[in-house]
Amino acid sequence: MMSTTKDIIVLTGAGQIGMAIARRMAYGKRILVADWKLENAQAVVKTLNEAGFDAVAFKVDISSKESILELIEAASKEGEIAMLINAAGLSPSQSTKEHILEVDLYGTSVLLEEFGKVIKKGGSGVTISSQSGHRMPALTPQEDRLLALTPADELLELEMLKPENIKDTLHAYQMAKRCNAKRVMAEAVKWGERGARINSISPGIIVTPLALDEFNGPRGDFYKNMFAKSPAGRPGIADEVANVAELLMSEKGAFITGADFLIDGGATASFFYGPLQPENN
C-alpha cells in the first residue's frame with residue numbers, strides 16, 4: 001500500500017514574500033506556516049487552504065533555539081522536511097539593534113544550522129536576506145570567516161557584534177544580512193553532505209503592507225527618490241522574488257547552492273556607481 005505521507009515545506013515568516021514562494025513550491029506537499037504572531041500564520045494558512053493547498057499554522061520565535069527545535073519536531077512528525085523557506089525577520093525601523101541581531105542574525109543562523117541536520121536528500125532551502133547587506137563596506141576576510149563559521153550559539157559573543165560596536169539599527173540589520181550570506185555559504189557545505197541545497201535571496205524594496213506604510217510615511221520621499229534613480233524605476237513585487245526562489249528550489253537550480261541573489265531593480269548598482277551614490281543625494 002502506498003504511503004500517503006506528504007513531504008513538508010516549512011515557511012518561517014508569514015508575509016507576502018514567503019507566501020508567494022510557498023504558492024510556487026507547495027502543491028502536493030504540506031506547508032507548516034510558522035510566525036512569531038500566530039494570527040499572521042493563521043491568516044496565511046487561510047489564504048493557502050482556500051486556494052487548495054494543505055497548510056497548518058505554528059507559533060515560533062526564531063530568536064529561540066528551543067522554539068526552532070519544537071518547530072522541527074512538529075514538522076518531522078508530519079513527514080520528511082523537503083524545503084525550508086525562511087522569510088522571517090525584523091527591519092531597521094521595527095525594533096532595537098539587540099533584537100534585530102537576535103532575530104535576523106542569530107535566529108537565521110540557528111534555522112540554517114538545525115534544518116541542515118534534518119533536510120531530506122534532494123531538499124532545498126532559501127533564506128530571505130536583503131540588498132542592505134550589499135550596501136555595507138567590505139569586512140575583513142577574518143571577520144567574514146567568523147560570521148560564516150562561528151557556532152550559532154556563540155555568534156552574539158563576537159566582539160564585532162557586541163552592542164557597543166553596532167552603531168544603530170541599520171548597522172545591526174546590515175551586519176545580520178551580511179552574516180546571512182556568509183552562513184549560507186558555510187551551511188551549503190553541510191547541506192551538501194545530505195544531498196541538499198541552500199541559497200539566499202537579497203531583495204530590494206518589495207511592495208508589501210509594511211512597505212506601503214513606509215512609502216506613505218515620513219520616509220516616503222526617500223523611497224520615491226530611490227525608485228526614480230534606480231534602473232528599474234519602481235519597487236518590486238513578491239512574485240518577482242518568488243520567480244527566483246522557484247528556480248533555486250526546483251531541479252532547474254540543481255547546480256546552485258551557497259549563493260546569494262540580489263534582486264533590487266538595480267538600486268545597489270545605482271548606489272555604488274549611479275545617481276543613488278550617497279554624495280549625489
Side-chain angles (χ1 to χ4, degrees), residues 1-13 17-18 20-34 53-56 58 60 62 65 68-88 106-129 144-145 147-153 155 179-202 241-263:
M1 184 175 163
M2 283 181 65
S3 166
T4 54
T5 307
K6 293 180 181 177
D7 278 350
I8 305 301
I9 290 185
V10 176
L11 166 60
T12 49
I17 292 176
I21 298 170
R23 290 181 77 121
R24 299 291 178 92
M25 307 310 303
Y27 35 87
K29 301 180 179 70
R30 186 150 220 232
I31 318 161
L32 245 73
V33 181
F53 291 97
D54 176 9
V56 290
F58 199 87
V60 71
I62 73 160
K65 185 173 185 175
I68 287 170
L69 292 175
E70 286 171 4
L71 171 64
I72 288 173
E73 186 181 3
S76 299
K77 284 179 179 165
E78 303 275 344
E80 282 191 285
I81 300 173
M83 292 181 181
L84 169 68
I85 303 164
N86 175 37
Y106 170 75
T108 297
S109 299
V110 174
L111 274 175
L112 298 181
E113 203 168 88
E114 295 301 329
F115 273 87
K117 296 173 185 175
V118 296
I119 194 85
K120 73 177 286 187
K121 183 178 172 62
S124 59
V126 292
T127 188
I128 302 300
S129 187
D144 278 341
R145 194 171 176 82
L147 290 179
L149 296 175
T150 302
D153 288 338
L155 267 171
C179 181
N180 292 169
K182 299 301 172 187
R183 299 303 287 190
V184 161
M185 293 178 79
E187 284 295 336
V189 178
K190 298 177 188 171
W191 285 49
E193 290 165 6
R194 297 181 64 87
R197 298 180 297 105
I198 178 72
N199 292 288
S200 60
I201 298 175
S202 291
V241 179
N243 287 338
V244 177
E246 185 176 14
L247 166 66
L248 296 178
M249 300 189 80
S250 71
E251 287 179 11
K252 288 181 182 175
F255 198 53
I256 308 171
T257 192
D260 177 67
F261 288 77
L262 179 63
I263 168 171

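The structure presented is a predicted model; accordingly, all values stated were derived computationally and were not measured.
Looking at every heavy atom in both residues, Gly79 comes nearest to Thr5 through CA-CG2, 3.6 Å. Closest approach of Ala181 and Ser200 over heavy atoms only: CA-OG, 4.3 Å. Across every non-hydrogen atom of Ala74 and Phe58, the tightest pair is CB-CE1, 3.4 Å. Residues Leu155 and Ser109 come closest through the heavy atom pair CD1-OG, 3.3 Å. In terms of heavy atoms, Val60 sits closest to Ala34 at CG1-CB, 3.5 Å. The heavy-atom pair separating Ile128 from Asn180 by the smallest distance is O-OD1, 4.5 Å.
The distance from the CD1 atom of Ile68 to the CG atom of Asn86 is 8.5 Å, given to the nearest 0.5 Å. Between atom CG of residue Asn199 and atom CG of residue Leu248 there is a gap of 5.0 Å, rounded to the nearest 0.5 Å. Once rounded to the nearest 0.5 Å, the distance linking CD1 of Ile8 with CD of Glu80 reads 9.5 Å. With values rounded to the nearest 0.5 angstrom, Tyr27 atom OH is found 15.5 Å from Asp54 atom CG. Rounding to the nearest 0.5 Å gives a distance of 7.0 Å between CD1 of Ile119 and CD1 of Ile81. The line from CD1 of Ile62 to OG1 of Thr12 is 6.0 Å long, rounded to the nearest 0.5 Å.
Under a 3.5 Å cut-off, the side chain of Ser129 and the backbone N or O of Ser202 do not form any donor-acceptor pair. Between the Arg24 side chain and the Met249 main chain, no donor and acceptor come within less than 3.5 Å of each other. Without hydrogens or angle criteria, Thr150 side chain to Leu147 main chain gives no donor-acceptor distance under 3.5 Å.
Side-chain contact check for Ile17 versus Ile21: some heavy-atom pair is nearer than 4.5 Å. The side-chain heavy atoms of Leu71 and Glu114, taken from C-beta on, include no pair separated by under 4.5 Å. Counting only heavy atoms from C-beta outward, the side chains of Ile72 and Lys117 never approach each other to under 4.5 Å. Looking at heavy atoms from C-beta onward, Phe261 lies in side-chain contact with Ile256 at the 4.5 angstrom threshold. Phe53 has its side chain within reach of Ile31: a pair of non-hydrogen atoms, C-beta onward, lies under 4.5 Å apart.
No more than 12 heavy atoms of other residues, nucleotides or ligands shown are found within 6.0 angstrom of CE on Met185.
Looking at residues two or more places apart in sequence or on another chain, you find a salt bridge (Lys or Arg N to Asp or Glu O under 4.0 Å) between Arg183 and Glu113.
Ion pairing between a basic and an acidic side chain is recognised when a charged N comes within 4.0 Å of a carboxylate O; Asp7 and Lys29 show no such pairing. In this structure, Lys190 does not pair ionically with Glu193, as no charged nitrogen and carboxylate oxygen lie closer than 4.0 Å.
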